[in-house]
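What you are looking at is a predicted structure, and each value in this text was computed from that prediction instead of being measured.
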Amino acid sequence: MTEGSALNEEVGSPALRELLAEIDTALADAEQAFGRAGDLAALEEARIAYLGKKGRLATLNQRFGQLAADEKPLAGKQLNARKAEIVRLDAERREQLERAEIERRLEAEAVDVTLPGAAVPTGRLHPIEQTRRQVEAIFRSMGFRVTESPEVETEWVNFEALNILSDHPARDMQDTFFTDRGKVLRTHTSGNQIRTMTELEPPLAIVSTGKVYRCDSDVTHSPMFYQMEGYLVDKAISMGHLKGVLESFIHALYGAKVGTRFRPSFFPFTEPSAELDMACVFCSGSGCRVCSQTGWLEVLGCGMIHPVVLRNCGIDPEVWSGFAFGLGLDRITMLKYGIDNIRLLYENDLRFLSQF
Ligand SMILES: [Zn+2]
């Protein structure tokens, strides 16, 4: 800024002196204009006003024509020096504004890590599915294998092969959903025994879970529900093995202190047959509404596989013997959580399901 005043006022023509003065004024004005520019857009506008093709310096350059030939180099040198200064001022201001912009943005976009997060609702497994996985895991730990079989089953697999003959009440139209050509919606998972035992050689230890269907619907019955079938076939298998396995299962599921008892029963596909009860988990055996004041809850049906069933699958009952059991996963789930209406399990009301 002071360099210009080094020029002696007496030097050169009035036109040269005037031009040199205006060049200095342009530098001073540019410095002010850049300083006033509050953001990058305003600075760009100011830059064009001074350095652009039609800017103030370009206009001054056009006035060189009025100068004497020997004055032009001096004016040109002065104009270039001031122009370089203006370019430097512009770059300096640009850097300041860019830094300020970054800081402003960092502040605006800052994340307060101390704020509590927004809760994301999570899904969960249906209570019956939770029970199924838990029950399968218990039997897997005892060496059982998990297999599946079809939900639409032949009458032979679902009934005849299991020693449920044509006059048995289970085969009544009232109880079974018949499809067509000798097929039914399976009424129990016991058909899995037939499927597996006709395909595989003993020894076998299998559990199989899945949906079963019956024409039945009230607070404790649903037309579709979940069962688990389990069986073990080997040499010299006795009721002792059956009791040991099932007691271990109940203790794994409900705790080691839960009492159990076996009662004689009847099923066409087992001989002898039994039902397993456990001490009521709601009243610890003293009697309540859930256990009908008996102190006991029915958990499952079981027994030694009937020799006829083994023979139907091509297994020699003189060599092999086995036990089988079937249980309702719905019932196990209801007992586990104290649910008294089976429909709650199938209505898929989230207010109910989210409690598990
Ligand atoms: Zn009870």
Side-chain angles (χ1 to χ4, degrees), residues 131-150 153 156-164 186-210 212 226-254 256 258 260-278 298-329 331-332:
T131 303
R132 187 180 73 83
R133 293 188 183 194
Q134 190 184 3
V135 168
E136 283 184 0
I138 292 169
F139 281 104
R140 274 206 183 93
S141 76
M142 291 193 269
F144 283 74
R145 222 176 93 190
V146 178
T147 67
E148 286 186 1
S149 53
E153 196 49 280
W156 186 79
V157 168
N158 194 73
F159 296 125
E160 267 114 54
L162 285 162
N163 203 30
I164 306 170
R186 66 177 175 188
T187 59
H188 48 194
T189 43
S190 304
N192 183 274
Q193 280 183 50
I194 307 303
R195 292 233 162 223
T196 308
M197 290 196 297
T198 48
E199 279 167 26
L200 303 175
E201 299 283 322
L204 295 169
I206 309 277
V207 290
S208 181
T209 53
V212 301
Y226 283 82
Q227 270 196 348
M228 167 183 259
E229 184 77 8
Y231 45 98
L232 185 147
V233 181
D234 206 333
K235 286 174 178 163
I237 295 299
S238 71
M239 282 293 276
H241 298 110
L242 165 69
K243 281 189 72 173
V245 165
L246 292 182
E247 277 173 359
S248 300
F249 162 64
I250 293 296
H251 292 156
L253 196 60
Y254 292 104
V258 176
T260 56
R261 72 175 184 189
F262 286 81
R263 277 181 297 113
S265 186
F266 171 79
F267 304 106
F269 33 83
T270 46
E271 180 58 37
S273 302
E275 285 199 46
L276 170 61
D277 296 343
M278 70 173 185
E298 291 175 25
V299 181
L300 55 84
C302 56
M304 302 304 292
I305 299 175
H306 201 294
V308 168
V309 175
L310 291 174
R311 216 174 282 126
N312 285 342
C313 298
I315 293 173
D316 184 354
E318 302 294 326
V319 180
W320 304 98
S321 56
F323 65 78
F325 55 91
L327 56 90
L329 288 177
R331 181 161 173 78
I332 296 287

Margin query: For a 4.5 angstrom cut-off between non-hydrogen side-chain atoms, does V233 reach F323?
Written below: no
Margin query: How long is the straight-line distance from CD1 of I332 back to CD of Q227, given to the nearest 0.5 Å?
Written below: 11.0 Å
Note to self: What verdict does the side-chain contact (heavy atoms from CB on, under 4.5 Å) test give for N192 and Y231, after you've listed the backbone C-alpha separation in whole Å, the side-chain angles of each residue and the deciding distance to 0.1 Å?
What the structure shows: CA-CA 10 Å; N192 183 274; Y231 45 98; 2.6 Å; yes
Next item on the list: Evaluate side-chain contact (heavy atoms from CB on, under 4.5 Å) for T147 paired with I206, printing each intermediate quantity in order.
Entry: CA-CA 7 Å; T147 67; I206 309 277; 3.4 Å; yes
Note to self: Return the OG1 to CE distance between T131 and M228, rounded to the nearest 0.5 Å.
What the structure shows: 10.5 Å
Notebook entry, point to check: So how far is it from M278 CE to Y254 OH, rounded to the nearest 0.5 Å?
Noted result: 4.0 Å
Item checked: Straight-line distance of R133 CZ to L329 CG, nearest 0.5 Å -> 13.0 Å
Notebook entry, point to check: Got F249 and L327 here, is their nearest side-chain heavy-atom distance under 4.5 Å?
Noted result: yes
Item checked: Minimum-distance pair of heavy atoms, taken over all atoms of T270 and C302 -> OG1-O, 4.0 Å
Notebook entry, point to check: Do the non-hydrogen side-chain atoms of V212 and T187 ever get within less than 4.5 Å of each other?
Noted result: no
Next item on the list: Indicate yes or no: at least one non-hydrogen side-chain atom of L232 is less than 4.5 angstrom from one of H241.
Entry: no
Checklist line | E271 side chain near M304 side chain, heavy-atom distance below 4.5 Å | finding: no
Next item on the list: Considering non-hydrogen atoms only, spot the tightest contact between S248 and M142 and give its length.
Entry: CB-SD, 4.0 Å
Next item on the list: Measure the CH2-CD distance between W320 and E201 for me, rounded to the nearest 0.5 Å.
Entry: 8.0 Å
Note to self: Less than 4.0 angstrom from a charged side-chain N to a carboxylate O is my criterion; do E199 and R195 meet it?
What the structure shows: no
Next item on the list: Go through L253 and Q134 one step at a time and tell me if the side-chain contact (heavy atoms from CB on, under 4.5 Å) criterion holds.
Entry: CA-CA 8 Å; L253 196 60; Q134 190 184 3; 3.6 Å; yes
Next item on the list: State, without any angle test, whether S208 and E229 hold a side-chain donor-acceptor pair at a distance under 3.5 Å.
Entry: no
Note to self: Tell me the closest heavy-atom pair linking T198 and C313, and the distance in Å.
What the structure shows: CG2-CA, 3.5 Å
Next item on the list: Start with the C-alpha gap between T209 and T189, add the side-chain angles, then the distance that decides, and say whether side-chain contact (heavy atoms from CB on, under 4.5 Å) holds.
Entry: CA-CA 7 Å; T209 53; T189 43; over 6 Å; no
Next item on the list: Report the C-alpha separation of F139 and F325 in whole Å, then their side-chain angles, then the decisive distance to 0.1 Å, and conclude whether the ring pair (Phe, Tyr, Trp, His ring centres under 6.0 Å) test is met.
Entry: CA-CA 12 Å; F139 281 104; F325 55 91; 5.1 Å; yes
Notebook entry, point to check: Does R186 reach the main-chain N or O of S149 with its side chain, forming a donor-acceptor pair under 3.5 Å?
Noted result: yes
Notebook entry, point to check: How about F269 and S190: do any of their side-chain heavy atoms sit closer than 4.5 Å?
Noted result: yes
Next item on the list: Locate the shortest heavy-atom distance separating A274 from F267; write the atom from each residue and the value.
Entry: O-CE1, 3.6 Å
Next item on the list: State, with a plain yes or no, whether a side-chain heavy atom of L200 is found less than 4.5 Å away from one of R145.
Entry: yes
Notebook entry, point to check: Side chains of S321 and I305: does their closest heavy-atom pair fall under 4.5 Å?
Noted result: no
Notebook entry, point to check: Which class fits the ring pair H188 and F159: parallel under 30°, tilted 30 to 60°, perpendicular over 60°?
Noted result: tilted
Next item on the list: Search all heavy atoms of I164 against all heavy atoms of N158 and return the closest pair with its distance.
Entry: CD1-O, 3.9 Å
Notebook entry, point to check: What's the shortest heavy-atom distance between L300 and L246, and which atoms?
Noted result: CD1-CD1, 3.6 Å
Next item on the list: Given side chain to side chain donor-acceptor pair (under 3.5 Å), test T260 with D277 step by step and report yes or no.
Entry: CA-CA 6 Å; T260 56; D277 296 343; over 6 Å; no
Check: What distance separates R263 CZ from L276 CG, expressed to the nearest 0.5 Å?
Finding: 9.0 Å
Note to self: Are there over 12 heavy-atom neighbours, none belonging to R261, within less than 6.0 Å of that residue's CZ?
What the structure shows: yes
Check: Would R331 and E298 pass as an ion pair if we require N to O under 4.0 Å?
Finding: no
